[in-house]
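Structure provided below as structure tokens; questions to follow.
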Amino acid sequence: MVRRELRRDLAVLPMSVVRELTGLSDRQIRYYDQQGLIEPHRGAGKQRRFSLDDVDRLLEIADYLDAGYSISEIHEVDAKKQRREAEKVDPDDVNMRHMLADELLKIGRFNNGQRKF
DNA sequence: ATTCTCACA
DNA sequence: TGTGAGAA
């Protein structure tokens, strides 16, 4: 039996669902899209279709923003992330970066309580 | 009914 | 970022 799992990379979620799942306004979601932070697929009528990965990405973006990062700074982080992804193919380094990123976000959240968790 | 783009008394 | 207009 092939292990049939949930495909978090399939873009099948409409705005309404993503809005609920992230707590973001569709205005914000479209804005992050324009800024190139996410590239959801398009369906009939150019309507955006998001994947669960996109939802995670959106939450990540919201966290960075709450932590005080600017859109451009988030792009910097992405760029830096890709460069290392290209060079060092060290799996341990990848995990370490994720851990550091999480810590940065936690610190950011404590430095400005705006998020309504 | 929903979502999209564009523009701002 | 919000909001409203007009189209799809």
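To find a chain, count down the sequence lines: A is the first, B the second, and so on, and within it residues start at 1.
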Let's see if you can work this out: which of B:dT3, B:dC4, B:dA7 has an atom nearest to the side-chain heavy atoms of A:R27?
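Of all the options, the side chain of A:R27 is nearest to B:dA7.
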Both distances below 3.5 Å, Watson-Crick or wobble geometry, any strand: find the nucleotide opposite B:dC4.
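With both distances under 3.5 Å, B:dC4 matches C:dG6.
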State, to 0.1 Å, how close A:D33 and A:R42 come at their nearest heavy-atom pair, and which atoms those are.
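It is OD2-NH2, 3.8 Å.
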A:L24 CG to C:dG2 C1': how many Å, rounded?
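Computing the A:L24:CG to C:dG2:C1' distance gives 14 Å.
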Surrounding CD of A:E73 (heavy atoms of other residues, nucleotides or ligands, distance under 6.0 Å), is the total greater than 12?
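Buried by this count: over 12 neighbours within 6.0 Å.
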Under 4.0 angstrom between A:S25 side-chain N/O and C:dG2 OP1 or OP2
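Yes, such a contact exists.
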With both distances under 3.5 Å as the test, what is the Watson-Crick or G-U wobble partner of B:dA9?
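The base-pairing partner of B:dA9, which may sit in any strand shown, does not exist here.
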So do the side chains of A:V18 and A:E20 get within less than 4.5 Å of each other, counting heavy atoms only?
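Sidechains of A:E20 and A:V18: no contact.
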Among the nucleotides B:dT2, C:dT1, B:dT5, which one has an atom lying closest to any side-chain atom of A:Y31?
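Ranking B:dT2, C:dT1, B:dT5 by closest atom to the A:Y31 side chain puts C:dT1 first.
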A:R19 side chain N/O closer than 4.0 Å to the phosphate oxygens (OP1, OP2) of B:dT2?
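No, outside the criterion.
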Between A:R57 and A:Y32, is any pair of side-chain heavy atoms under 4.5 Å apart?
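The answer is no; the side chains never approach within 4.5 Å.
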With a 4.0 Å cutoff (strictly under), does any side-chain N or O of A:Q28 reach OP1 or OP2 of C:dT1?
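So the side chain of A:Q28 is within the cut-off, an N or O lying under 4.0 Å from OP1 or OP2 of C:dT1.
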Quick one: is B:dC4 close enough that its OP1 or OP2 comes under 4.0 Å of any side-chain N or O from A:R48?
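Yes, because at least one side-chain N or O of A:R48 sits under 4.0 Å from OP1 or OP2 of B:dC4.
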